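Just so it is clear, the model here is predicted, and its values are computed rather than measured. Proteins get letters first, then strands, A, B, ... in listed order; numbering begins at 1 in each.
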Amino acid sequence: MAKNLVIVESPAKAKTIEGFLGKDFLVKSSFGHVMDLSKKKLSVDIKDGFIPKYEISPDKKKIVSELKKYADAAKTVWLASDEDREGEAIAWHLVNALKLDEKKIKRIVFHEITKSAITKAIENPRGIDKNLVDAQQARRVLDRLVGYELSPLLWKKVKPALSAGRVQSVAVRLIAEREEDINKFKSKSSYKITAKFDINNDFGKSILVAELSKKFNTKNEAIEFLEKCKPAEFTIADIETKPAKKSPAPPFTTSTLQQEASRKLGFSVANTMRVAQQLYESGKITYMRTDSVNLSNLALAMANKEIKNSFGEKYAKTRKYSTKTKGAQEAHEAIRPTYFNVKNIEGDNAQKRLYNLIWKRTIASQMSDALLEKTNVTVNISNLKEKFIAKGEVIKFDGFLKVYFEISNQENQEEQKGVLPPLKVGEKLLRNEIIAEEKFTQQPPRYSEANLVKKMEELGIGRPSTYAPTISTIQRREYIVKEDKSGIQRNYNFISLKNDSITEEIKTEKSGFEKAKLFPTDIGILVNKFLLQYFDNILDYNFTASVEKEFDEIAEGQKIWNEMIGEFYGPFHNKIENTLEKSKKFSGEKLLGQEPKTGKNIFVKIGRFGPIVQLGDTDDDDKPKFAGLKKGQSIETITLEEALELFKFPRNIGKYEDTDMTVAIGRFGPYVMHNKLFYSLAKTDDPTTITQDRAVELIEEKRKKAKENIIKEYKEDNSVKVLRGKYGHYLSIKKKNFKIPKEMNPEELTLEDCLKIAEDPKNTPKKRFSKKRK
DNA sequence: CAGTGAGCGAGCTTCCGCTTGACTT
């Protein structure tokens, strides 16, 4: 057995490091945290100084016992978890979980996986930094208290199974507020003037395009301007040329990788992380969960060599970047290729594309500036004081642009600068055409997943390891949805002056098209309203930043962690108690109007199963009627007419095989019910207009499909069937499903076989987490 | 999945941050 056991967090890291160290060292990984608070209970002793009660995480029991075996046999245990708050806590938990003798342990840290960094770390061990551990405990306990006291309050006051937390609730707030901004937004229009001039000078013929420095608010002003241009003379008043430069962006962090992969490759945040993980595990890139833009000296040297080889000496420029992100912990390097001379890799398409993006971005970050020449040409109008301006841009030296071009975030970047024709000051220009185009101001854009990550990082909310999971949590809770929105056709005025006549046209454009953007749901909006009303401090965009400051003070030994938690918890818990006692159920109920026939009130609100409309008051003699909202409808925007429509279900649409068919809208969308069986409508079917014939078609379709999935039936007992499902073959007996053992051939099962399978408890399906609510 | 919504009451849900596989009805 090896004399030395080194424990790191990630198995891929363990493998690499083992190669650097001699055979006296055994390197194992803890797979992240090994101890945590129990999921089932609060596990914080509030009365006695907020002492947390840790347990070995259920899924880590095996790893812990394995590590303990190695640790007991080793002379020295080197705790090499990451150099940040969480890493320090992992080291401390390992001491407790493995019951390590303090004399036997050494804590080492390194933030790059290079041989020299590891060797240096081994030469400079230290003890566990208890202050840093305490900062982590404060973070952990705060999050637990907030999450586990707010969530149950929501269950009581809003809806069961909801959740709230320091990070997720702020993410939802961002999306809800953006939607509010969009609803409030009123588009304004103005007129942009562009001129095309014919050039005919010593250098030949060409065209100069220039834009007026001023925009007009009304059509009349624009026409008035064009009228004045009719007799005017146009002269070049000034040509200004100045050098400019562009510098490359720093190498990727988790957040910037997610943003660029979204923009350039169309990857979702989760997809980016999955593919990056694969690249990391196969040794092609460094660690993918990082907030650091730092590159190791080894990496800098490799990049420099690669650039000189591929592009030449003058393209290389070694750069050190430093982070500007709030609360960055920088335990790792930036995300970079492991070997810079590998430009392309083996792998699937997604891996190749993501690797290529990382390679280019990292290489570009070590390349020279691009040198540009920017030119501004001013054109005078003889009878007006406004000026036309033409802008040109020429690349004198491409530098890093040779490999990498960062797409900016702005959506409409129609302005493209190019090369201007050769011109002279004083030169007279011939007016070819001047146009006035009506332009509308754009509504604020909805967040994409990657833009949300960017914003969260700016606010210091969440960490590289949690961006993707947080986004899926708030989608799973149905606070937000990712959807496309088709744009709307819009008319705009287009006025043109050519020769001596002005013509007016109405053109159409499509605007507001959005793909894979985040929309708040009714429940998301409601929960956000509730939290803002009662817990505005937690939802404050600066909340995390201010507690982070206190965590830092704890880490530096200037503050006691449980005192800090106490100061927070007192007022917070009071608010919980108060709200529990005083506030009524928070359903977001809104009176829409009255039903024309009966005069009964119609409300919209959130019911136990989501948004509903209600006909009649709750305390009326007869029970009120309820109906769920259709997909795409929302509490915020539904009208009285739409609500009345919803009460028309269930609708009878005729008979089939002598039984009534009815159309209704359920939790999973509109459906036809026939003979107590359900048939979902297709997305293209409209439940308000669906015909009898179409409903029959749906019924027949589903029957045919069900038949195709039957592999075996038994005459003796028709409740037993062997079926083909999403995950392969399975057995169905009286609506209960069973797994068919792998060694058995589903095609050849006899009825006896089937019954035997059903009796064996190991074939009964495990209870999966289901969203079922009674 | 399951096509409800009142009210009663049992029993369930939930946080953030570290890490990877396991394995689905």
Side-chain angles (χ1 to χ4, degrees), chain A residues 8-13 29-37 39-44 57 59-60 63 81-82 84-87 89-90 93 136 139-155 159-169 277 280-281 287 289 329 331 461-467 469-470 473 477 544 587 605-614 618-620 623-628 649-650 664-671 673 678 680 723-732 736-739 764-774:
Chain A
V8 295
E9 290 182 37
S10 139
K13 197 169 172 179
S29 93
S30 75
F31 292 79
H33 275 293
V34 293
M35 294 185 100
D36 193 14
L37 308 173
K39 251 176 120 149
K40 292 177 199 110
K41 290 173 289 183
L42 185 68
S43 308
V44 176
S57 308
D59 57 330
K60 297 293 166 54
I63 287 145
S81 44
D82 294 347
D84 58 18
R85 207 160 60 202
E86 300 297 328
I90 289 174
H93 286 152
Q136 193 274 347
R139 200 279 304 154
R140 182 68 189 92
V141 168
L142 178 88
D143 282 338
R144 171 53 67 97
L145 291 172
V146 169
Y148 272 42
E149 292 209 357
L150 272 186
S151 301
L153 184 66
L154 289 177
W155 304 343
K159 204 180 123 166
L162 294 176
S163 65
R166 173 176 60 81
V167 172
Q168 60 168 285
S169 296
Q277 175 90 29
Y280 168 65
E281 281 172 14
Y287 197 57
R289 288 185 278 264
Q329 313 218 357
I461 294 164
R463 304 274 314 129
S465 66
T466 61
Y467 294 137
T470 302
T473 298
R477 300 262 175 274
T544 289
S587 71
K605 63 177 186 183
I606 297 277
R608 270 201 296 164
F609 307 105
I612 49 170
V613 283
Q614 176 184 330
T618 320
D619 43 6
D620 277 357
K623 248 169 61 173
K625 264 177 82 179
F626 297 92
F649 296 106
I665 297 174
R667 189 146 100 76
F668 306 99
Y671 63 91
M673 183 143 81
F678 298 94
S680 293
L723 300 169
R724 190 196 331 265
K726 212 160 116 191
Y727 309 109
H729 301 120
Y730 66 100
L731 181 63
S732 168
K736 273 178 113 177
N737 296 331
F738 302 92
K739 202 156 67 182
T764 52
K766 272 183 206 146
K767 280 235 172 84
R768 204 174 129 239
F769 172 72
S770 101
K771 280 208 286 188
K772 188 170 155 188
R773 299 154 210 174
K774 280 190 279 179

(request) Any chance you could lay out the side-chain contact (heavy atoms from CB on, under 4.5 Å) test for A:D82 and A:K13, step after step, and finish with the verdict? (result) CA-CA 11 Å; A:D82 294 347; A:K13 197 169 172 179; 3.0 Å; yes
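- Between A:R85 atom CZ and B:dC16 atom C1' there is a gap of 10 Å when expressed in whole angstrom units.
- In this structure, the separation between CZ on A:R144 and NZ on A:K39 is 9.5 Å, given to the nearest 0.5 Å.
- Under the side-chain hydrogen bond (donor to acceptor under 3.5 Å, both in side chains) test applied with A:E86, the options A:R140, A:Q329, A:R139 reduce to a single match, A:R139.
- Contact annotation: A:S163 side-chain N/O to B:dC15 OP1/OP2 distance is under 4.0 Å.
- Using a 4.0 Å cut-off, some side-chain N or O of A:S10 falls inside it from OP1 or OP2 of B:dT20.
- When distances run from any side-chain atom of A:I612 to the nucleotides B:dC16, B:dC18, B:dG5, the shortest one goes to B:dG5.
- A:R477 has a side-chain polar atom (N or O) that falls below the 4.0 Å cut-off from OP1 or OP2 of B:dC15.
- Base engagement by A:G32 is indicated by at least one non-hydrogen atom pair under 4.0 Å involving a base atom.
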(request) Go through the steps to decide whether A:S163 and A:S151 satisfy the test side-chain contact (heavy atoms from CB on, under 4.5 Å), and finish with yes or no. (result) CA-CA 5 Å; A:S163 65; A:S151 301; 4.1 Å; yes
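- Taking atom C1' in both B:dA22 and B:dC1, the straight-line distance is 22 Å, to the nearest Å.
- Residue A:R608 places none of its side-chain N or O atoms closer than 4.0 Å to OP1 or OP2 of B:dT13.
- A:Y280 is listed as a side-chain neighbour of A:S10, based on a closest heavy-atom distance under 4.5 Å.
- Contact annotation for A:P624: no contact, since no heavy-atom pair falls under 4.0 Å across all strands.
- On the C1' atoms, B:dA2 is 15 Å away from B:dT25, given to the nearest whole Å.
- The CG atom of A:L150 sits 18 Å away from the P atom of B:dT13 (whole-angstrom rounding).
- Counting non-hydrogen atoms under 4.0 angstrom, A:F649 reaches nothing in the nucleic acid.
- Taking the side chain of A:P152 as heavy atoms from C-beta on, and the options B:dT14, B:dC16, B:dT19, the nearest nucleotide is B:dT14.
- In this structure, A:F678 forms no aromatic stack with the base of B:dA2, since the conditions of centre separation below 5.5 Å and plane angle below 30° are not both met.
- Evaluation of A:W155 against the base of B:dT13 yields a stacking contact (centre distance < 5.5 Å, interplanar angle < 30°).
- Counting any heavy atom pair closer than 4.0 Å across all strands shown, A:G462 reaches sugar-phosphate atoms only and no base atom.
- One can place CG of A:D84 at 10 Å from C1' of B:dG17, the figure rounded to the nearest angstrom.
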(message) As a quick check of understanding, evaluate side-chain contact (heavy atoms from CB on, under 4.5 Å) for A:I612 and A:K605, giving each step before the final call.
(response) CA-CA 6 Å; A:I612 49 170; A:K605 63 177 186 183; 4.1 Å; yes
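- At whole-Å resolution of the value, OH in A:Y287 and P in B:dC18 are 8 Å apart.
- In this structure, CG of A:D36 is placed 13 Å from P of B:dC16, rounded to the nearest angstrom.
- Taking 3.5 Å as the limit, the base of B:dC16 and the side chain of A:R463 contain no donor-acceptor pair of atoms between them.
- Distances shown here put a side-chain N or O of A:R166 below 4.0 Å from the OP1 or OP2 atom of B:dG17.
- Between A:K40 and A:P464, the residue whose closest nucleotide on DNA chain B is further toward the 5' end is A:K40.
- In terms of phosphate contacts, A:S465 brings no side-chain nitrogen or oxygen within less than 4.0 Å of OP1 or OP2 of B:dG17.
- Remark: A:Q277 is in phosphate contact with B:dT20, judged by side-chain N or O atoms under 4.0 Å from OP1 or OP2.
- Atom CZ of A:R463 is separated from atom CG of A:D84 by 6.5 Å, given to the nearest 0.5 angstrom.
- When rounded to the nearest whole Å, the span between CZ of A:F31 and P of B:dG21 equals 5 Å.
- With hydrogens and angles ignored, a donor-acceptor pair under 3.5 angstrom links the side chain of A:R140 to the base of B:dC15.
- One can place CG of A:L154 at 12 Å from C1' of B:dC15, the figure rounded to the nearest angstrom.
- The A:T473 side chain lies nearest to B:dC15 when the options are B:dT19, B:dC15, B:dC16.
- Across all strands, A:A164 comes closer than 4.0 Å only to sugar-phosphate atoms, never to a base (heavy-atom distances).
- Rounded to whole angstrom, the span from the CZ atom of A:F626 across to the C1' atom of B:dG7 amounts to 12 Å.
- Taking side-chain N and O atoms only, A:Q614 has no distance below 4.0 Å to OP1 or OP2 of B:dG5.
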(message) For A:L37 and A:L42: C-alpha separation, side-chain torsions, deciding distance, then whether side-chain contact (heavy atoms from CB on, under 4.5 Å) applies.
(response) CA-CA 8 Å; A:L37 308 173; A:L42 185 68; over 6 Å; no
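- Taking a centre distance below 5.5 Å and an interplanar angle below 30 degrees as the stacking criterion, A:Y148 stacks against the six-membered base ring of B:dT14.
- As judged by a 4.0 angstrom heavy-atom cut-off over every strand, A:V167 is placed among residues touching the sugar-phosphate backbone only.
- For the pair A:L162 and A:E281, nearest-nucleotide mapping onto DNA chain B gives the more 5' position to A:L162.
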